[in-house]
Amino acid sequence: RKTLNRKPKPGDIVTFTLLRFQPVFQKDKASHDGDIDFLFDTNGTLQMILRDGQHLPELHTLLSTMSPGETVRHALIDGGYGPHRPELQFALPIAQMGKSIDVSSVNVGTQLRFDDTTSCRVVSVSEDEWICDANHALAGTSYDVDVTLERVEAGIQEWGFINNENLGVNGRYRIGTFALGCFWGGELAYQRVPGVISTHVGYTQGHIPNPTYEQVCTGTTGHAEAIRVVYDPSVVSYHSLVQLGLERLGDNVYKLNQVGNDRGTQYRHGFYYHDEEQREVALEMLASLYVSDRKKVMTEVKQAQEFYMAEDYHQQYLFKGGQSAKKGSHETIRCYG
C-alpha cells in the first residue's frame, strides 16, 4: 500500500503539522485571564483518524478539504464552546453574601460554586459588588490555524472485527482491545500515549449484536466494556499498552468481574488479541503476576471478537468533560458519572 494522493475521507489516517494555533476571543467577551490550558496537542506533527472524534470537529472539516502536501494559513475554526452570552453576566452584591463566603479571598478569576450544576467566574471586583460570568471560560473562542496535511493513509472503514492487517502503508498500524472495567478512565489514559492515534469505547466478547449500554449493564449480553486503540508500533509497543492497562488495574487483576467498586461481567478485565504476537505478550505479562493457586489472575486473554461502538456520549467522555488528552500528560484521571 502507498500513501493516498487525494483528499482524506472519514476513516482515513491523516498526518498533519500544526504550525500555528492561536486563540481568537469573541469581541464582546469580558476578559480571559491567563494562558489557555489546552486539553489537546496544538503544535507539531500529529496523527488521527478523520471524523473519529479526536481533536476539534472543525479541524477534521478543514483537513477533509485539503490535499497531501497542502498548507492552509489563517483558517478560523470554532473552539466548540459556543458564543459568549452577555446575559450570563450578573452582579452579586457583597452585602448579601453573609458568612457563606470569605469575602477577602475573592479576586478576579475566583470560581464561585452555588450548587452541583451552577458556578460562575468573578471578572470584576469593586467595594460593593462582584461581576460574575457564568459562561464557560472559553465561550466565544475560535482558533486561527496554520496547518499542513502531510499524508493520507487508508484506515478503518468499518469497526467490527478487525485483524491487524491493511492499516496504513504496509500495514504499519495495529489495533489493540483492552477491558479495564469502566471504559471512561482507560480511554483517556490511552489517548495520552504517544503513538496512539485513535481510541474508541464500546462493547465486545458478547453474544448479541449491536447492544445498547442499558442492555450491557444488565450483565446478560456477555459483553465487556472495552477500549479499542489504533497505535503505531514504531512509536509505542503493545507491551507498553498492556503495561498501562495492568497499572490501571492494580490488584484488581486478582478479582473476578470487578474493578474497584464496579462489579458485574460487563466490568471484567481482559486483553483481547488481534494477532498471535499480542496473545503471547499478554499471556507472558500476566504469567509474571502469578502469586499462588489461591490468588489467581482473573484477567482474560482471548481472541478479539466483534466490537460494537458505544453511544456517542460515552466517546472521549472525560476529555469532553474537561480533562487533558495531551500526549504525555500525567494529570490525575478523575472518573465521574
Side-chain angles (χ1 to χ4, degrees), residues 1-26 32 35-81 138 140-157 159 166-175 187-188 190-200 228-237 240-241 315-316 319-320 323-329:
R1 286 191 170 201
K2 300 179 180 179
T3 56
L4 303 174
N5 189 26
R6 59 160 172 78
K7 296 177 181 179
K9 299 177 180 179
D12 286 338
I13 298 169
V14 293
T15 302
F16 59 99
T17 300
L18 287 174
L19 306 169
R20 191 167 60 90
F21 202 87
Q22 182 68 38
V24 178
F25 301 117
Q26 188 171 311
H32 185 278
D35 296 329
I36 293 178
D37 185 15
F38 291 107
L39 302 178
F40 44 79
D41 295 287
T42 58
N43 60 75
T45 299
L46 307 171
Q47 291 181 299
M48 65 184 181
I49 294 179
L50 200 69
R51 300 295 188 190
D52 79 338
Q54 313 285 333
H55 224 291
L56 296 174
E58 286 203 4
L59 181 60
H60 289 255
T61 300
L62 175 61
L63 291 169
S64 71
T65 68
M66 298 172 62
S67 298
E70 181 181 357
T71 298
V72 171
R73 299 189 182 277
H74 296 295
L76 196 64
I77 63 174
D78 180 66
Y81 297 97
L138 295 179
T141 304
S142 299
Y143 300 105
D144 186 1
V145 175
D146 294 349
V147 60
T148 298
L149 178 59
E150 304 290 353
R151 65 175 180 266
V152 179
E153 300 173 80
I156 297 170
Q157 306 304 322
W159 267 99
N166 301 322
L167 275 179
V169 177
N170 298 322
R172 61 178 287 188
Y173 303 106
R174 291 289 182 268
I175 291 179
E187 182 182 30
L188 184 58
Y190 284 120
Q191 281 181 273
R192 294 174 171 181
V193 176
V196 169
I197 64 172
S198 176
T199 62
H200 286 93
R228 181 155 287 184
V229 172
V230 179
Y231 65 98
D232 184 345
S234 70
V235 179
V236 60
S237 67
S240 295
L241 297 177
Q315 305 300 331
Q316 294 91 46
F319 166 59
K320 289 185 288 190
Q323 297 189 50
S324 176
K326 284 182 181 179
K327 297 301 184 186
S329 173

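- Between the side chains of Gln316 and Gln191, not a single donor N or O lies within less than 3.5 Å of an accepting N or O.
- A side-chain donor from one of Ser240 and Ser237 sits under 3.5 Å from a side-chain acceptor of the other.
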| request: Any chance you could lay out the side-chain contact (heavy atoms from CB on, under 4.5 Å) test for Arg151 and Gln47, step after step, and finish with the verdict? | output: CA-CA 10 Å; Arg151 65 175 180 266; Gln47 291 181 299; 3.7 Å; yes
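- Proximity of a side-chain donor or acceptor of Asp78 to a complementary backbone N or O of Ser142 within less than 3.5 Å is not detected.
- In this structure the side chain of Thr141 never reaches within 4.5 angstrom of the side chain of Val24, judged on heavy atoms.
- The minimum heavy-atom distance between Val236 and Tyr231, with the atom names listed, is O-CD1, 3.6 Å.
- Side-chain contact between Leu241 and Val193 is present, with heavy atoms from C-beta onward closer than 4.5 Å.
- Between the side chains of Tyr143 and Glu58, not a single donor N or O lies within less than 3.5 Å of an accepting N or O.
- Between Ser234 atom OG and Arg174 atom CZ the span is 10.5 Å, to the nearest 0.5 Å.
- Counting only heavy atoms from C-beta outward, the side chains of Asp146 and Thr71 never approach each other to under 4.5 Å.
- Between Asp52 atom CG and Thr199 atom OG1 the span is 7.0 Å, to the nearest 0.5 Å.
- Side chains of Gln315 and His200 form a contact here, defined as non-hydrogen atoms less than 4.5 Å apart.
- In terms of modelled atom types and a separation under 3.5 Å, the side chain of His60 and the main chain of Leu50 share no donor-acceptor contact.
- A heavy-atom distance below 4.5 Å is not found between the side chains of Arg51 and Lys9.
- Remark: Asp144 does not engage Arg73 in a salt bridge, criterion side-chain N to carboxylate O under 4.0 Å.
- Of all heavy-atom pairs spanning Pro8 and Leu63, the tightest one is CG-O, 3.3 Å.
- To the nearest 0.5 angstrom, Met48 atom CE is 4.0 Å from Phe16 atom CZ.
- Side-chain contact check for Ser198 and Arg228: no donor-acceptor pair (N or O, by modelled atom type) lies under 3.5 Å.
- Considering only heavy atoms from C-beta on, Gln323 comes within 4.5 Å of Leu188 through its side chain.
- Ring orientation note: the planes of Phe21 and Phe40 are nearly perpendicular, at an angle over 60° on the 30°/60° scale.
- Glu70 and Thr148 are not linked by any side-chain donor-acceptor pair at a separation below 3.5 angstrom, with hydrogens and angles left out of the test.
- Between the His55 side chain and the Asp41 main chain, a donor and an acceptor come within less than 3.5 Å of each other.
- In this structure, Thr17 and Val147 have side chains that are not in contact, with every pair of non-hydrogen atoms separated by 4.5 Å or more.
- Going from atom CG of Leu39 over to atom OG of Ser329 covers 9.5 Å, rounded to the nearest 0.5 Å.
- Inter-residue side-chain proximity for Leu46 and Thr15 is flagged as unmet; no heavy-atom pair is nearer than 4.5 Å.
- Proximity of a side-chain donor or acceptor of Arg192 to a complementary backbone N or O of Ser324 within less than 3.5 Å is detected.
- Within the model, atoms CG of Asp12 and CD1 of Ile49 stand 9.5 Å from one another, a figure rounded to the nearest 0.5 Å.
- Rounding to the nearest 0.5 Å places CD1 of Ile13 at 8.0 Å from CZ of Arg172.
- Between the side chain of Lys327 and the main chain of Gly195, no donor-acceptor pair closer than 3.5 Å is present.
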